[in-house]
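Here is the structure we will look at.
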Amino acid sequence: MASVTFQIWRTHASGGQLQEYKTEISEGMVVLDAVHQIQAEQANDMAVRWNCKAGKCGSCSAEINGHPKLMCMTRMSDMPQDKPITIHPMKAFPVIRDLVTDVSVNYRMKKKIKKFKPRPPDAPDGTWRMAQSDIDRIQEFRKCIECFLCQDVCHVLREHQLHEEFVGPRHMVYTAALEMHPLDVEDRREELKNTGGIGFCNITKCCTTVCPEHITITDNAIIPLKERVADRFYDPLMRLLHLFSKK
Ligand code: SF4
Ligand code: F3S
Ligand code: FES
């Protein structure tokens, strides 16, 4: 057992500040355990969002010593304990209370993305045939747990607060899963360019660095989408072909 100091963001009527707590840490604890212990023993009214404690619900996102992380997947044994450990709510989103943020803008933006639209069945039994390699390509995108840590770290959303103009990395992963799906026939390039604001992404790759599911967000989702948008709108030959295909 060791006594560790935490500084946790607490809100009040006129704003918020870091408040200091000390608690005993035992072997095997993660940061979320420590927060729960503080909540149980010293701060019953502290708001913290969590659900699975297994890195799968995406609820416990926070900034631990300034790094966007899942509290339930951050081991206390990996944290330096000689100085206070700070825990902030995600800075890209408005705080509801203490560590809980309002991430509803993400769901609104997701709703604007055109849904899956499969081509007609191509097998005699009324089903489809797909190549395994095509499915493998999008498999990693399906691992997303919607923790929104990638949205939190992206400067377009975090510093510039362009939540209504830029879909952000999570939704580019979602769009890539649809666009690259071997059965999908929808075209999302125009919305990616306009309402999705894909041009705001300048490939800083911070999103890829923080993803707890290790999705290769920038290289495998965003860059291929940018290439598709560039082909559609900036390649003269492709623009001509698109014009003729609409006639
Ligand atoms: Fe979280 Fe990764 Fe999904 Fe972004 S892509 S919401 S970081 S799991
Ligand atoms: Fe933002 Fe990721 Fe692009 S952090 S700028 S969406 S590469
Ligand atoms: Fe579910 Fe942390 S509590 S991801």
Side-chain angles (χ1 to χ4, degrees), residues 28-37 39 46-64 67-76 78 87 89-93 98-101 103-110 113 138-180 192-193 196-230:
M29 281 174 83
V30 293
V31 168
L32 184 63
D33 293 324
V35 170
H36 279 160
Q37 193 165 283
Q39 187 189 45
M46 184 164 68
V48 51
R49 187 186 280 141
W50 70 286
N51 208 312
C52 68
K53 226 196 113 187
K56 287 295 162 219
C57 73
S59 306
C60 68
S61 302
E63 301 192 6
I64 305 170
H67 297 285
K69 284 177 182 292
L70 296 177
M71 286 190 280
C72 72
M73 298 305 283
T74 307
R75 292 179 182 281
M76 283 304 302
D78 292 337
I87 309 182
M90 286 191 285
K91 288 190 180 164
F93 305 106
D98 301 331
L99 298 177
V100 177
T101 50
V103 293
S104 56
V105 64
N106 294 302
Y107 303 115
R108 286 204 305 281
M109 291 307 276
K110 188 177 182 183
I113 298 167
I138 57 169
Q139 203 56 37
E140 70 165 326
F141 304 145
R142 304 297 292 268
K143 292 192 301 177
C144 176
I145 57 171
E146 297 204 316
C147 64
F148 305 126
L149 289 171
C150 56
Q151 305 282 96
D152 181 44
V153 81
C154 176
H155 69 103
V156 182
L157 303 172
R158 186 185 181 87
E159 322 296 341
H160 305 290
Q161 290 287 315
L162 293 175
H163 289 281
E164 303 292 341
E165 292 85 356
F166 177 52
V167 283
R170 185 290 168 261
H171 299 115
M172 289 195 274
V173 165
Y174 176 67
T175 306
L178 294 166
E179 280 286 299
M180 296 178 198
L192 268 173
K193 175 174 171 285
I198 193 169
F200 283 114
C201 166
N202 57 344
I203 326 256
T204 59
K205 299 198 179 187
C206 309
C207 49
T208 304
T209 315
V210 300
C211 178
E213 286 293 326
H214 308 292
I215 301 170
T216 321
I217 302 173
T218 320
D219 288 355
N220 290 354
I222 298 177
I223 291 175
L225 289 180
K226 276 179 171 284
E227 287 168 353
R228 286 173 185 226
V229 170

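Start at 1 and go down the list; that is how both ligands and their atoms are numbered. For clarity, every value in this text was computed on a predicted model and none was experimentally measured.
Each of Y107, F200, F93 was evaluated against H163; a single residue qualifies, F93, per the ring-ring contact (aromatic ring centres under 6.0 Å, His included) test.
Distances shorter than 4.0 angstrom do not occur between any heavy atom of P169 and any atom of ligand 1. Contact analysis leaves V210 out of contact with ligand 1, as no non-hydrogen atom separation drops below 4.0 angstrom.
Annotation for ligand 2: atoms under 4.0 Å from non-hydrogen atoms of I222 are 6 (S). Residue F148 has at least one heavy-atom neighbour below 4.0 Å for each of these atoms of ligand 1: 1 (Fe), 6 (S). Numbered from 1 in the order shown, with element, the atoms of ligand 2 that lie under 4.0 Å from a heavy atom of T218 read 7 (S). Near C201, the atoms of ligand 2 lying under 4.0 angstrom from a non-hydrogen atom of the residue are 3 (Fe), 5 (S), 6 (S), 7 (S). Close contacts between ligand 3 and C60 involve ligand atoms 2 (Fe), 3 (S), 4 (S) [criterion: under 4.0 Å to a heavy atom]. Which parts of ligand 3 touch N51 is read off a 4.0 Å heavy-atom cut-off, strictly below it: atoms 3 (S). Counting atoms of ligand 3 from 1 in the listed order, those under 4.0 Å from a heavy atom of G55 are 4 (S). Every atom of ligand 1 with a heavy atom of C144 under 4.0 Å away is listed here by number and element: 3 (Fe), 5 (S), 6 (S), 8 (S). The atoms of ligand 3 that sit less than 4.0 Å from any heavy atom of K56 are 4 (S). Near P212, meaning under 4.0 Å from one of its heavy atoms, ligand 1 places the atoms 7 (S). Shown in contact with K205 at under 4.0 Å from a heavy atom are these atoms of ligand 2, numbered in order with element: 7 (S). Which parts of ligand 3 touch C72 is read off a 4.0 Å heavy-atom cut-off, strictly below it: atoms 2 (Fe), 3 (S), 4 (S). Ligand 2 places these atoms under 4.0 Å from at least one heavy atom of I203: 3 (Fe), 7 (S). Remark: ligand 3 atoms within the under-4.0 Å shell around heavy atoms of K53 are 1 (Fe), 3 (S).
Taking atom 2 (Fe) of ligand 1 as the reference point, the nearest protein heavy-atom neighbour is C211 SG, 2.4 Å. The closest protein non-hydrogen atom to atom 4 (Fe) of ligand 1 is C150 SG, 2.3 Å. Residue, atom and distance of the protein heavy atom nearest to atom 2 (Fe) of ligand 2 are C207 SG, 2.3 Å. Ranking protein heavy atoms by distance to atom 1 (Fe) of ligand 2, first place goes to C154 SG, 2.3 Å.
R158 contributes a side-chain N or O that, together with a main-chain N or O of D152, makes up a donor-acceptor pair within less than 3.5 Å. Judged by distance alone, with hydrogens and angles left aside, the side-chain atoms of E140 form no donor-acceptor pair with the main-chain N or O of I217 at under 3.5 Å. Proximity of a side-chain donor or acceptor of N106 to a complementary backbone N or O of V103 within less than 3.5 Å is detected. At least one donor-acceptor pair closer than 3.5 Å links the side chain of E63 to the backbone N or O of K91. Using modelled atom types, no side-chain atom of E165 and backbone atom of G197 make a donor-acceptor pair closer than 3.5 Å. Judged by distance alone, the side chain of H36 and the main-chain N or O of V48 form no donor-acceptor pair under 3.5 Å. For T208 (side chain) and T218 (main-chain N/O), a donor-acceptor pair under 3.5 Å exists by modelled atom type. Side chain of S61 to backbone of C147: a donor-acceptor contact under 3.5 angstrom is found. Between the side chain of K143 and the backbone N or O of E213, at least one donor-acceptor pair lies under 3.5 Å.
Contact between G55 and L70 at its shortest, heavy atoms only, is CA-CD1, 4.0 Å. Contact record, L157 with L162: CD2-O, 3.7 Å, taken as the closest heavy-atom pair. A pairwise comparison of heavy atoms in Y174 and I113 identifies CD2-CD1, 3.7 Å as the closest pair.
For the residues N202, V153, V173, the heavy atom positioned nearest atom 5 (S) of ligand 2 is part of N202. When the options I145, I217, T208 are ranked by their closest heavy atom to atom 8 (S) of ligand 1, first place goes to I145.
Note that CG of L99 is 6.0 Å distant from CE of M46, once rounded to the nearest 0.5 Å. Rounded to the nearest 0.5 Å, atoms SG (C72) and CG (D33) are 9.0 Å apart.
Atom 2 (Fe) of ligand 1 has no N, O or S atom of C147 under 2.8 Å away, backbone or side chain.
Only the backbone of E146 comes within 4.0 Å of ligand 1, judged by heavy-atom distances. If you look at T204 next to ligand 2, the close heavy atoms, those under 4.0 Å, come from the backbone and the side chain alike.
Angle subtended at atom 1 (Fe) of ligand 3 by C57 SG and C52 SG: 100°, rounded to 10 degrees.
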